[in-house]
Amino acid sequence: MARKIVAGNWKMNLNLAEGAALVKAANDYLNANPVKHIDVIVAPPAHQLVQTVKLATNTKLSTVAQNMAAHENGAYTGEISASMLVDAGVELVIVGHSERREIFGEDDALLEQKLHKALEHGLYPIFCVGETLEQRKAGEHFKHIENQLQAGLSKFAADQLPQIIIAYEPIWAIGTGETASNEQAQEMHAFIRKHLATISNAAVADEVSILYGGSVKPANARGLFGQPDIDGGLIGGASIQIDSFLELIKIGEDILR
Ligand code: PEP
């Protein structure tokens, strides 16, 4: 069975004090309301990784980096390597968020290298895929997602795939307040799982966590998390407000199975 996950992506938001307050609030909540069914993870900006890891030690919270280099260490100014993330105590890393693809020009080939590098170093990648509004309107969304999955994952062995978490994040729903409907999200998650089965097999595909991302908030999370192929959420805006993040943890624990 796939891991169920509620993940917060802080993007380039929150200073050290604000980040610490959010992590402490999540820790206090999880101590008072232990979760059995979900993992809770947060992705702070790079300058807070060490602080977050420290605050999350011996708690139910894990730390995920928002990005990493495809290279080993060396002359790559401004980058952070997989071994550095491991050194900092980070357990997971987001790879291929649409903002990295669209704003920073990260392409399929680079992302495939990053995925392999992450696994080489024992990091769990959260591999993001998603279509634009134009692609959806043109009916090209399934083909586009299939191409992204194929480019990133086709060279992994079946026993490696469950270490990779997929996040389906339609670009038109990220930070826009517009969410995929429960049906649209479920339809694409089922398609992704089916495609993973062609790369490996159905049993392996069932073990891969597929998260939905795109304007998830307490008001729509119950419907989305209740879909059979949705294993949780990668949440931006609603994860940096303490109240809504705690509410999303509660909903995740109630609904995700
Ligand atoms: C994200 O950061 O991956 C995301 C889905 O953002 P938001 O929830 O704000 O749409």
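All figures in this text were calculated on a predicted structure; none of them were measured in a lab. Counting convention: from 1, in listed order, for ligands and their atoms alike.
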**Study point:** Enclosure of Y29 OH (heavy-atom neighbours >12, cutoff 6.0 Å)
**Key:** yes
Check your understanding: E247 versus K217: any side-chain heavy-atom pair under 4.5 Å?
Key -> no
Exercise for review: Within a distance under 4.0 Å of any heavy atom of I174, pick out the atoms of ligand 1 and give their elements.
Suggested key: 4 (C), 6 (O), 10 (O)
Study note, to complete from the structure: So the atoms of ligand 1 within less than 4.0 Å of a heavy atom of G214 turn out to be 5 (C), 10 (O)
Revision key, fill the gap. Of all protein heavy atoms, the one nearest atom 8 (O) of ligand 1 is G236 N, 2.8 Å
Review point. Short N/O distance, under 3.5 Å, between G237 and ligand 1?
Key: yes
**Study point:** Heavy-atom pair of closest approach, residues G223 and N182
**Key:** C-OD1, 3.3 Å
Exercise for review: Check whether any N or O atom of G175, backbone or side chain, sits under 3.5 Å from an N or O atom of ligand 1, and answer yes or no.
Suggested key: yes
Point to revise | Pair E169, H97: side-chain N/O donor-acceptor within cut-off below 3.5 Å | key: yes
Check your understanding: Could you go step by step and tell me if D254 and K250 meet the salt bridge (Lys or Arg N to Asp or Glu O under 4.0 Å) rule?
Key -> CA-CA 6 Å; D254 283 352; K250 181 183 175 343; 3.0 Å; yes
Exercise for review: Pull out every atom of ligand 1 sitting under 4.0 Å from any heavy atom of N9, numbered as shown with elements.
Suggested key: 1 (C), 2 (O), 3 (O)
Revision key, fill the gap. At under 4.0 Å between heavy atoms, what of A173 touches ligand 1? The answer is backbone
Practice item. Just jot down the ligand 1 atoms closer than 4.0 angstrom to any heavy atom of S215, in number order. Key: 7 (P), 8 (O), 10 (O)
Practice item. From atom 3 (O) of ligand 1, work out which of E169, E178, Q66 has a heavy atom at the shortest distance. Key: E169
Exercise for review: Apply side-chain contact (heavy atoms from CB on, under 4.5 Å) to I165 and L234, showing your working.
Suggested key: CA-CA 11 Å; I165 297 157; L234 178 58; over 6 Å; no
Exercise for review: Check whether the side chains of H144 and E131 place a donor and an acceptor atom closer than 3.5 Å, and report yes or no.
Suggested key: no
**Study point:** Contact check, A238 vs ligand 1, heavy-atom distance below 4.0 Å
**Key:** no
Exercise for review: Determine yes or no for a side-chain-to-main-chain donor-acceptor pair under 3.5 angstrom, with Y212 supplying the side chain and A180 the backbone.
Suggested key: yes
Revision key, fill the gap. Of all protein heavy atoms, the one nearest atom 1 (C) of ligand 1 is H97 NE2, 3.3 Å
Review point. With a cut-off of 4.0 Å, which atoms of ligand 1 are near a heavy atom of K11?
Key: 1 (C), 2 (O), 4 (C), 6 (O)
